[in-house]
Amino acid sequence: MKVQAFTLSIALLFSFGNILTAQTDSEFQKLLKRAIEVSPKLKMLESKMEAVKNGIPEKSSLPDPVLSIGLLNMPVNSFSFTQEPMTGKMLSLSQGLPFPGKLSMAARVAEYDIDVIKEMISEEKNLIKKQLQSLYIR
């Protein structure tokens, strides 16, 4: 009878310990979620990742074309195009073409930057969890 009471009390003690552990684990998860939500470094890294994502189309597209308008040997006393026979009018349109493969390589580099920032975010979350665990155990 004493052995049964002893095993029953030990079983109750372990089940009570599991209930407490589950309750503290739930509280810890809430604290961890809140700490991740309010972390300024994580917000900065997420903003940085969005900036890099938004910059990929810009880096992988051709530069803007340039339109130029100019006048040469224009008489300044009358501003007449017919007064001086050497008056020149200039209109030009130019488009820069990068070396083949440069635009696709720039897009790939930006994608690698996104992967690096994702790893930094993951590392910061792990660091927050580690710091919270050390404070929570005390």
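Heads up: numbering here begins at 1 and tracks the sequence.
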Item checked: Partner set under salt bridge (Lys or Arg N to Asp or Glu O under 4.0 Å) for Glu58, not counting sequence neighbours -> none

Item checked: Note, Lys30 side chain near Ser26 side chain (heavy atom, < 4.5 Å) -> yes

Item checked: Side-chain ion pair, Lys43 and Glu46, N-O less than 4.0 Å -> no

Check: Roughly how far, to the nearest 0.5 Å, is the CD atom of Glu50 from the CD1 atom of Ile117?
Finding: 10.0 Å

Check: Would you call Ile69 and Met90 a side-chain contact if the rule is heavy atoms closer than 4.5 Å?
Finding: no

Notebook entry, point to check: Is there side-chain contact between Pro63 and Gln95, with at least one heavy-atom pair below 4.5 Å?
Noted result: yes

Item checked: pair Val116-Met120: side-chain heavy atoms closer than 4.5 Å -> yes

Item checked: Rounded distance (nearest 0.5 Å) linking atom CD of Glu124 with atom CD of Glu119 -> 13.5 Å

Item checked: Point-to-point distance, once rounded to the nearest 0.5 Å, from CG of Leu132 to CG of Leu127 -> 11.0 Å

Notebook entry, point to check: Got a second to check how far Glu37's CD is from Leu32's CG, nearest 0.5 Å?
Noted result: 10.0 Å

Next item on the list: Identify whether Leu91 and Leu93 are in the same connected component of the hydrophobic contact network (ILVMFWY, side-chain heavy atoms under 4.5 Å).
Entry: yes

Margin query: Let me confirm one number: the NZ-CD1 distance from Lys48 to Ile121, rounded to the nearest 0.5 Å.
Written below: 10.0 Å

Note to self: Could you check whether any side-chain heavy atom of Leu103 comes within less than 4.5 Å of a side-chain heavy atom of Ser61, counting everything from C-beta outward?
What the structure shows: no

Item checked: Non-hydrogen atoms of Phe28 and Lys129 that approach each other most closely -> CZ-O, 4.2 Å

Note to self: Any heavy-atom pair between the side chains of Ser92 and Leu67 that's under 4.5 Å?
What the structure shows: no

Checklist line | Any donor-acceptor N/O pair, Ser60 side chain to Ile56 backbone, under 3.5 Å | finding: yes

Next item on the list: Please name the pair of heavy atoms, one in Gly96 and one in Leu62, separated by the smallest distance, quoted to 0.1 Å.
Entry: O-CD2, 4.2 Å

Check: How about Val52 and Met49: do any of their side-chain heavy atoms sit closer than 4.5 Å?
Finding: no

Next item on the list: Please confirm whether the backbone N or O of Gly101 pairs with a side-chain atom of Ser104, one donor and one acceptor, at under 3.5 Å?
Entry: yes

Check: How far does CG of Leu42 sit from CD of Glu123, to the nearest 0.5 angstrom?
Finding: 11.0 Å

